[in-house]
Amino acid sequence: MAELLRAERLVKEFPVKRGTVHAVSGVSFTIAKGETLGLVGESGCGKSTLGRLLLNLLEPTSGAVWFKGQDLSELKGREQRELRRGMQMIFQDPYASLDPRMSVGSLIMEPLNAHRVGNRREREEQVRGLMEQVGIRPEFFGRYPHQFSGGQRQRIGIARALALNPELVICDEPVSALDVSIQAQILNLLADLQKARGLTYLFISHDLNVVRYLSDRVMVMFLGQICELSPTEALYENPRHPYTKFLLEAVPQPDPTLRDAERVLLTGEVASPLNPPPGCRFHSRCPWADAICREKQPDLVEMAPGHLCACHHPMVDREIF
Amino acid sequence: MSNNKDARLFDAEIQPNDGPLASILHMFRVNHAALLGLILILLIILMAIFAPFIARYDPNQLNLIEMRKPPSPAHWFGTDDMGRDVFARVVYGSRTSLLIGFVPSLISLILGTVLGLLAGYVGGRVDDLIMRLADVVLAFPSLLLAMVVMYTLGSSILNMFIALSIINWAGTARVVRAQTLSIKETEFVEAARSMGVSRLSIVFKHILPNCLPNLIVLFTLDIPGAIMWESSMSFLGVGDPNAASWGLMVSQGKSYAYMCPWLILAPGIAILVTVMAFNFLGDGLRDAMDPYLKS
């Protein structure tokens, strides 16, 4: 498959009073056209920061983002804006990401206005078409966001992201603010739209079940670094990184009769991104950590075709205990 | 598409259409003080416009035979120390006082909004410069500052506008700057940036509209403020001596306060009613605008 986006050793550090927050530390990966790449990790591991770096909403401290074969940081002004049209974002909180003072129609029209697409009539036509596609009745053109439920608002957010016909959509936890019953509808809508428009998704979430449902490949992040990147089934069936293993162990089992009383959960504190430990960033919590883990950062290496893992002691069919 | 069905399913959840205008109308039905304020303001404006039809006398017509007469059927509010009809002067004075209320408030509203947006959105040195200037203005006692301006420029109604605008813009600029700073960081502004919306467009389509409720309230509270300042300055003798404002009437009547209380009571009550009417309306508008933002 053709490469659509490439991140090269992306680093983002935020200076704060007591030092530097290492939000993203040297992340490299590619997204192929048409695929869905899932991105999972716990709160504060740099998922959202990474998404914003790709869109250039945040300036990377170092590293580069290549989109459609062009280095985003080398383009200026209008050229960058033009290229960035192809990348849009769906935001986490449908209550905060829609301006309460704008009607639904003008919200969806905003990106079209910004890029001067067609004339006023054509834009309105297009907005009504988009509303229909995401399941909002076009009659609601003049309504305001507070008149809609969370799920409907997220549909509006999706329509805005699609207005400019992007190739890549970065979904930043698009369903985590919604009720479970609504989550499924939004996920199905995203899947339908992908099929209809040939979209590529980067799907950021902390919900492993949601990611498994949508993704072709999954990337696991811990403290600003990738620890595992693999085709979805391989990752869920045969995780190589201890952190992935523990994450999967922690997924809640909805059926109480299937619950395993002996479930092993992680202990210990997450190391702070303010002062990440030397060596493997996971070593302070990893039961198999030894001297090398405390000294040397593991490289991301291919363990099986397409299955990358950054660990000195990767798991090979190893039981936790 | 299958999702259309879902949308129909949720029709019941859609609330009736209530934009900002509807919530203001609703506020007037519930908040009677605000409604009273609105009615009084409309009456005062009508009084200012139709002054010649309401007052039977010329407000500047001297009549030394009828000096300092108490209220009577001929002179409803009595006459002043030069025999002028106090009722006519109060009616005509509404013109000056409303002008003094609206014009400087509008100037300081526009000035304060532009400077506040600049300071908040551009930040850095622009922010420092504008805010230090505002600090300087706010550090002076307002009345003193306005009087210095009037002494320097001379007593005229135009200079009164300038003086009142100078003391009022800083407060507006501070409020707008604070709002801009918080709105700038919201997710909907980030969303707009992610779509490639320009900075100018973000300021005018997102930040300014979200400041508007506060600006409307500030404006309705600035108007009585300006009327009060003008009254104080006229009372202290730095107003425009030719403009028959309510403040000037109180000032001129103060020597006869015990002998002829109607000379200060009539314009004093006019000031009180006008200021209260604007305050009631401003409070009501603030209440009407608040929940709309949250829901």
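The figures here come from the full heavy-atom set of this structure, side chains too, leaving out hydrogens, waters and symmetry mates.
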For atom [atom1] of [X], is the number of surrounding heavy atoms from other residues, nucleotides or ligands below 6.0 Å larger than 12?
X	atom1	value
A:E125	CD	no
B:R132	CZ	yes
A:R197	CZ	yes
B:M228	CE	no

Output the option from [options] having the highest count of non-hydrogen pairs under 4.5 Å with chain B.
options	answer
A:P166, A:A163, A:A96, A:S103	A:A96
A:R81, A:R85, A:Q92	A:R81
A:Q88, A:M89, A:Q80	A:Q88

Revision key, fill the gap. Contacts satisfying salt bridge (charged side-chain N to carboxylate O under 4.0 Å, His left out) that involve residues 172-187 of chain A (not counting sequence neighbours) are A:K47-A:E173, A:R52-A:D172
In residues 24-35 of chain B, what donor-acceptor pairs under 3.5 Å come from side-chain atoms, sequence neighbours left out?
{"unit_1": "B:N31", "atom_1": "OD1", "unit_2": "B:A33", "atom_2": "N", "d": "3.2"}
{"unit_1": "B:N31", "atom_1": "OD1", "unit_2": "B:A34", "atom_2": "N", "d": "3.1"}

Exercise for review: Give me the contact list for residues 179-191 of chain B versus chain A, heavy atoms only, anything under 4.5 Å, ordered by residue number.
Suggested key: B:E187, B:F188, B:E190, B:A191
Point to revise | Engaged part of B:S194 at the chain A interface, taking heavy atoms whose separation is under 4.5 Å | key: both
**Study point:** Minimum heavy-atom distance A:A161-B:M195, with the two atoms named
**Key:** N-CE, 4.4 Å
**Study point:** side-chain contact (heavy atoms from CB on, under 4.5 Å) partners for A:F14, two or more places apart
**Key:** A:K12, A:V21, A:A23, A:T49, A:L58
**Study point:** Atom pair CZ/CZ of B:R193 and A:R84 - distance to nearest 0.5 Å
**Key:** 9.0 Å
Revision key, fill the gap. NZ of B:K205 to CD of A:E110, rounded to nearest 0.5 Å, is 7.0 Å
Review point. Where the side chain of A:R101 meets the backbone of B:H206, is there a donor-acceptor pair that is under 3.5 Å apart?
Key: no
**Study point:** Part of A:D93 within contact of chain B (heavy atom distance under 4.5 Å)
**Key:** both
Practice item. Pick one of side chain, backbone, both or neither for A:L164, based on which atoms fall under 4.5 Å of a heavy atom in chain B. Key: side chain
